[in-house]
2 protein chains.
Amino acid sequence: MNKKVSIKDIAQAVGVSTALVSYVLNNKEKEARVGKEIAQVIRDTAADLGYQPNQLAKSLKTGKSHTFGLIVADISNPFFANLARNVEDEAQKFNYTVLFASADESPKKSQNLINMLTERQVDGFIIAPAENSQNQIEALLKNNIPLVLIDRYFKGLETNYVVTNNYESAYNAVSHLIKVGHKHIGMIAYKTDLVHMLERKRGYIEALKDHKLLKAKTPLIKTVDFDFTQDDVEAAIKALKVQNPKMEAVFFATNTLTLKGLKALNNMNWKVPDDIAIVCFDESEAFDFFYSPLTYIEQPLLEMGRKAVQVLIKNISDKKSTHTQLSIPSKLIVRQSCGSDKAEVR
Amino acid sequence: MNKKVSIKDIAQAVGVSTALVSYVLNNKEKEARVGKEIAQVIRDTAADLGYQPNQLAKSLKTGKSHTFGLIVADISNPFFANLARNVEDEAQKFNYTVLFASADESPKKSQNLINMLTERQVDGFIIAPAENSQNQIEALLKNNIPLVLIDRYFKGLETNYVVTNNYESAYNAVSHLIKVGHKHIGMIAYKTDLVHMLERKRGYIEALKDHKLLKAKTPLIKTVDFDFTQDDVEAAIKALKVQNPKMEAVFFATNTLTLKGLKALNNMNWKVPDDIAIVCFDESEAFDFFYSPLTYIEQPLLEMGRKAVQVLIKNISDKKSTHTQLSIPSKLIVRQSCGSDKAEVR
DNA sequence: CTGAAAGCGCTTACAG
DNA sequence: CTGAAAGCGCTTACAG
C-alpha cells in the first residue's frame with residue numbers, strides 16, 4: 001500500500017456517496033440521519049483501509065487549521081523550553097497542534113516567522129515578542145488574527161497577554177536583600193525596551209526608594225547587549241563596583257545573565273554571599289549546584305503556559321472577546337546566596 | 001480588511017486568469033512565457049493587496065507540505081531542546097517548517113503523535129523513538145514515509161539514523177576512569193531496551209573487560225525506572241556500594257541521572273572525587289557549578305541536528321535513496337570529577 | 001503569450 | 001435516509 005486512502009475510496013468500497021462517509025466519520029450521523037447499519041459499515045471499512053483524514057483538505061474547507069504558532073526567543077533556553085512544553089500539553093487537551101519557532105530577539109526573524117505561520121493558516125499566535133516588533137503585532141491585530149503575548153507585552157497596546165508580575169517580583173526580591181541587611185545593591189540587566197525588563201528595573205528602583213536606599217542620581221544598574229558574553233557581565237559587575245565601592249549585593253535580571261555572572265564571580269574570586277550577595281530572576285537547574293545555592297524568583301511557568309493557551313482558544317472561538325491581561329505572581333525561593341538562612345519564604 | 005486575499009482577487013484586479021497569477025507568483029513566467037509588463041503588474045498588485053499564499057491549498061494540490069515532524073521524549077529536557085533548536089535552524093535553510101512534539105517515552109503517545117502529524121501531511125519524520133515503538137516505525141516505513149531516527153534506533157531495522165557513537169563514547173569515558181587509577185567502577189542507567197542505552201552499557205563493560213577489571217559475574221550496574229526520583233538514584237548508588245564496598249567511581253548514563261545523582265551524593269555527604277569519582281554521559285549547564293566540575297561526554301548536538309535534517313530531506317526528495325546510518329563521535333571533556341587534573345582531553 | 005478547466009480531499013447546504 | 005454539486009485556494013497540463 002502506498003497511495004493514501006481518501007474518503008472517496010471508502011465511498012466506492014461501500015457503495016455510497018462521499019457525503020455520507022464524511023458525515024459518519026465526523027459523527028454527524030444524527031444530524032444527517034444516516035442509517036445505523038450503513039454507518040457501521042462505513043466505519044468498519046474506514047478502519048480496514050486504514051483511513052487517515054487529510055487535515056489540510058479539512059482545514060482548507062473549514063477555514064480552521066486547529067493549529068497555532070508559538071514564537072519564542074530561543075527554544076533551547078530552558079525558560080522557553082519549559083514554557084513550550086506546558087503550552088504543548090495544554091494545547092493537546094484542546095486538540096490543537098502547536099508550531100514552535102525561535103526568533104532570537106530579532107524583529108526580522110520574527111516577521112519572517114509570522115509570515116510563514118500565517119501562510120500555514122494557523123488559527124492564532126502565542127508570541128514572546130522581540131524588541132521592535134510592536135508593528136508586527138499591530139498588523140496581526142488589525143487583521144483580526146487571535147493572539148496572546150507571553151512573557152513580555154507592549155505598553156498601551158490592546159492585546160491579550162500573560163506574564164509574570166515582573167514589577168512585584170523584582171520589588172520583592174530586592175526587598176528581601178534589604179531585609180537581610182544589604183544597603184548597596186546593584187542590578188545587571190540586558191539592554192532592551194521590552195516591558196518585562198523595564199518592569200524589573202522599576203521594581204528594583206522602587207524597592208530601594210521605599211527603603212530610602214536610593215541616594216545616587218544614577219541608579220546602580222548596568223546593562224549588557226542581548227548577546228552578551230561572560231566577559232561582558234564581568235565588566236558590568238566591575239563597573240558597578242567602581243560606581244559604588246560599597247556594593248555588597250547584585251540582582252540579576254535573567255537566568256542567562258546569572259549563569260554568566262556566577263562564572264564571572266568565580267573568575268574574579270568573589271565569594272557568595274560574603275563578598276557579594278546574589279538574587280536572580282528566573283531559575284536554572286545549575287543554581288542548585290552552586291556552592292551557595294541561589295535565592296531566586298520562580299516564575300509561574302505552568303500557569304503561564306496553560307493560561308496563554310486557554311486565552312488564545314477563547315479568542316479563537318470568539319473573535320470579539322475582550323482582552324485578557326494576566327500578570328501572575330511568582331514565588332521568591334530563599335536559600336543561601338543572600339547571606340541569611342533565617343529569612344523565610346514570603 | 002479582514003477577508004484574506006486570494007489569487008482570484010489578484011486575477012480580478014488585474015484582469016487576467018488565476019493561472020497567470022500563479023505562474024508569476026511562483027516565478028514560472030519564462031516556462032509559461034508570461035508577458036513582462038503584465039507580470040510586473042501582477043506582482044505589484046499582489047504586494048498592494050498584501051497577498052499571502054495559502055500553503056494549505058498549495059500543499060493539497062502539490063502533495064508536499066514542506067513540513068516535517070520532530071518527535072522527541074521531552075522538549076523541556078535540555079538535550080532535546082538543544083537538538084530541536086539545531087533541527088529548526090537547519091530545516092529553515094531548506095525552507096522547511098518543523099512540528100515538534102513530546103512523546104514522554106510512551107508508545108501510546110508516540111503513536112498518537114505520529115497519527116496526528118501524518119494527518120497533517122508532514123513530508124517526513126525525525127524521531128527519537130520511544131521504547132516499544134518499533135512497530136510504529138515499521139508501519140511508517142511500509143507506507144514509504146521518509147524518516148530518520150535520532151539519538152536511538154532499533155537493531156536490525158533498516159532505517160536512516162543519526163546517533164552519538166554510544167558504545168565508543170562510553171568505552172572512552174570508562175577507560176578514562178581506569179587510566180586515572182580507578183578499579184572499582186559502577187554504572188547507573190535507566191531501564192530500557194533502547195539501543196543507545198544498551199550500547200552505553202556495553203561500552204562500560206567492554207572497557208572493564210579490556211582492562212581485566214571485570215571480575216564479578218554480575219557487572220556493577222543498577223538501573224532505575226524512566227521516571228526516577230532522586231531517592232531512586234540514591235538507592236541505586238547505595239545498592240552498588242553494597243554489591244562492591246570498594247566502589248570508588250560511578251559512570252552515569254544520562255544528564256538527568258547525573259543531576260539527581262549529584263544531589264543524592266550531596267545528601268549522602270559523599271565527596272567528589274575523593275569518596276567517589278564521577279563521569280557522565282551528556283552535559284548540563286549545572287555541571288560547571290558543581291564544586292568539582294564534572295568530566296562528561298559532550299554529544300555532537302549540532303552535527304546530529306544538521307545531519308538528521310539533511311538525511312531526511314534527501315530521503316524526501318529521493319524516496320528510493322539508500323539508508324544513511326551515522327554514528328557521530330562525541331568528545332570527552334575532562335575536568336575534575338575523576339580525581340585527576342593531569343589527564344588531557346583525548 | 002493567455003485562458004478555461006480539472007482536480008487535490010474534504011464539508012455542507014440543498015433537494016429529493 | 002441518501003446523493004449530486006459547489007467550493008475552499010491553489011497548480012498545471014492542455015489548447016489556442
Side-chain angles (χ1 to χ4, degrees), chain A residues 2-43 45-46 49-67 115 118-123, chain B residues 2-43 45-46 49-67 115 118-123:
Chain A
N2 219 319
K3 193 76 209 71
K4 297 221 175 110
V5 1
S6 76
I7 224 177
K8 205 202 260 177
D9 299 319
I10 299 173
Q12 275 170 354
V14 179
V16 295
S17 72
T18 58
L20 275 213
V21 177
S22 173
Y23 286 129
V24 171
L25 264 26
N26 287 301
N27 299 313
K28 296 194 177 159
E29 320 153 53
K30 351 52 186 323
E31 290 93 313
R33 283 174 305 165
V34 180
K36 207 131 182 13
E37 324 61 62
I38 197 73
Q40 194 51 50
V41 177
I42 288 172
R43 254 185 259 282
T45 309
L49 297 177
Y51 172 69
Q52 295 196 289
N54 183 327
Q55 289 295 343
L56 263 36
K58 218 165 188 161
S59 299
L60 180 59
K61 181 61 191 171
T62 62
K64 321 218 74 296
S65 66
H66 260 249
T67 266
N115 289 346
T118 303
E119 293 179 0
R120 293 205 186 280
Q121 311 302 118
V122 294
D123 293 336
Chain B
N2 216 318
K3 193 75 210 73
K4 297 221 175 110
V5 0
S6 76
I7 225 177
K8 204 202 260 177
D9 300 319
I10 300 172
Q12 276 171 352
V14 180
V16 296
S17 72
T18 58
L20 274 215
V21 177
S22 173
Y23 286 129
V24 172
L25 263 27
N26 287 300
N27 298 313
K28 298 197 176 155
E29 321 153 53
K30 353 46 190 319
E31 291 93 312
R33 285 175 305 167
V34 180
K36 208 127 183 12
E37 325 61 61
I38 196 74
Q40 195 51 52
V41 176
I42 288 172
R43 256 186 258 281
T45 308
L49 297 178
Y51 173 68
Q52 294 195 288
N54 182 328
Q55 289 296 343
L56 263 34
K58 218 166 189 158
S59 300
L60 181 58
K61 180 64 190 168
T62 61
K64 320 219 76 293
S65 66
H66 259 248
T67 264
N115 289 345
T118 302
E119 293 179 0
R120 294 207 185 279
Q121 312 301 117
V122 294
D123 292 337

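Keep in mind that what you see is a predicted model, and the values were worked out from it rather than measured. To find a chain, count down the sequence lines: A is the first, B the second, and so on, and within it residues start at 1.
- In this entry D/dA4 has no Watson-Crick or G-U wobble partner, no candidate having both defining distances under 3.5 Å.
- Taking only side-chain nitrogens and oxygens, B/K58 comes nearer than 4.0 Å to OP1 or OP2 of D/dT11.
- Using a 4.5 Å heavy-atom cutoff, the side chains of B/V14 and B/V21 are not in contact.
- With rounding to the nearest 0.5 angstrom, the CD1 atom of A/I10 is 12.0 Å from the CG atom of A/L20.
- The residue B/L56 sits apart from the nucleic acid: no heavy atom pair falls under 4.0 Å.
- You'll find that the side chain of B/A19 is closest to C/dA4, out of C/dT12, C/dT11, C/dA4.
- Here B/S6 lies in heavy-atom contact (under 4.0 Å) with sugar-phosphate atoms only.
- Among C/dC10, C/dT11, D/dT2, the nucleotide with an atom closest to any side-chain atom of A/I38 is D/dT2.
- Rounding to whole angstrom units, CD of residue B/E119 and C1' of C/dG9 are separated by 13 Å.
- Rounded to whole Å, the distance from NZ on A/K4 to C1' on C/dC8 is 12 Å.
- Rounded to whole Å, atom C1' of D/dT12 lies 12 Å from atom CD1 of B/I7.
- Listed for the B/S59 side chain is a donor-acceptor partner under 3.5 Å among the backbone atoms of B/Q55.
- C/dT11 atom C1' lies 15 Å from atom NZ of A/K64, rounded to whole Å.
- For the pair B/Q52 CD and D/dC10 P, the interatomic distance rounds to 11 Å; values are reported in whole Å.
- Between the CG atom of B/L60 and the C1' atom of D/dG7 there is a distance of 12 Å, rounded to whole Å.
- B/H66 places a side-chain heavy atom less than 4.5 Å from the side chain of A/R120.
- Here the side chains of B/Q121 and A/K4 are in contact, with some heavy-atom distance below 4.5 Å.
- In a base pair of the Watson-Crick type (N1 to N3 plus N6-O4 or O6-N4) or a G-U wobble (N1-O2 and O6-N3), with each distance short of 3.5 Å, C/dA13 is matched with no nucleotide.
- Of the side-chain N and O atoms in B/S22, one or more sit less than 4.0 angstrom from OP1 or OP2 of D/dT11.
- When distances run from any side-chain atom of B/L20 to the nucleotides C/dC10, C/dT2, D/dA5, the shortest one goes to C/dT2.
- Comparing D/dT11, D/dC10, D/dA4 against the side chain of B/N26 picks out D/dT11 as the nearest.
- Checking D/dG9, C/dG3, C/dC10 against the side-chain heavy atoms of B/N54 singles out D/dG9 as nearest.
- Separating the NZ atom of A/K28 from the P atom of C/dC10 is a distance of 14 Å, rounded to the nearest angstrom.
- Between A/T18 and B/Y23, the residue anchored closer to the 5' end of DNA chain C is B/Y23, taking for each the nucleotide with the nearest heavy atom.
- For the pair B/K61 and B/K36, both in contact range of DNA chain C, the more 5′-proximal nearest nucleotide belongs to B/K36.
- Distance CD1 (B/I10) to P (D/dT11): 11 Å, rounded to an integer number of Å.
- Put simply, the side chain of A/S22 never gets that close to the backbone of A/T18: no donor and acceptor are under 3.5 Å apart.
- Closest to the side chain of A/K8, from the set D/dT12, D/dA6, C/dC8, is C/dC8.
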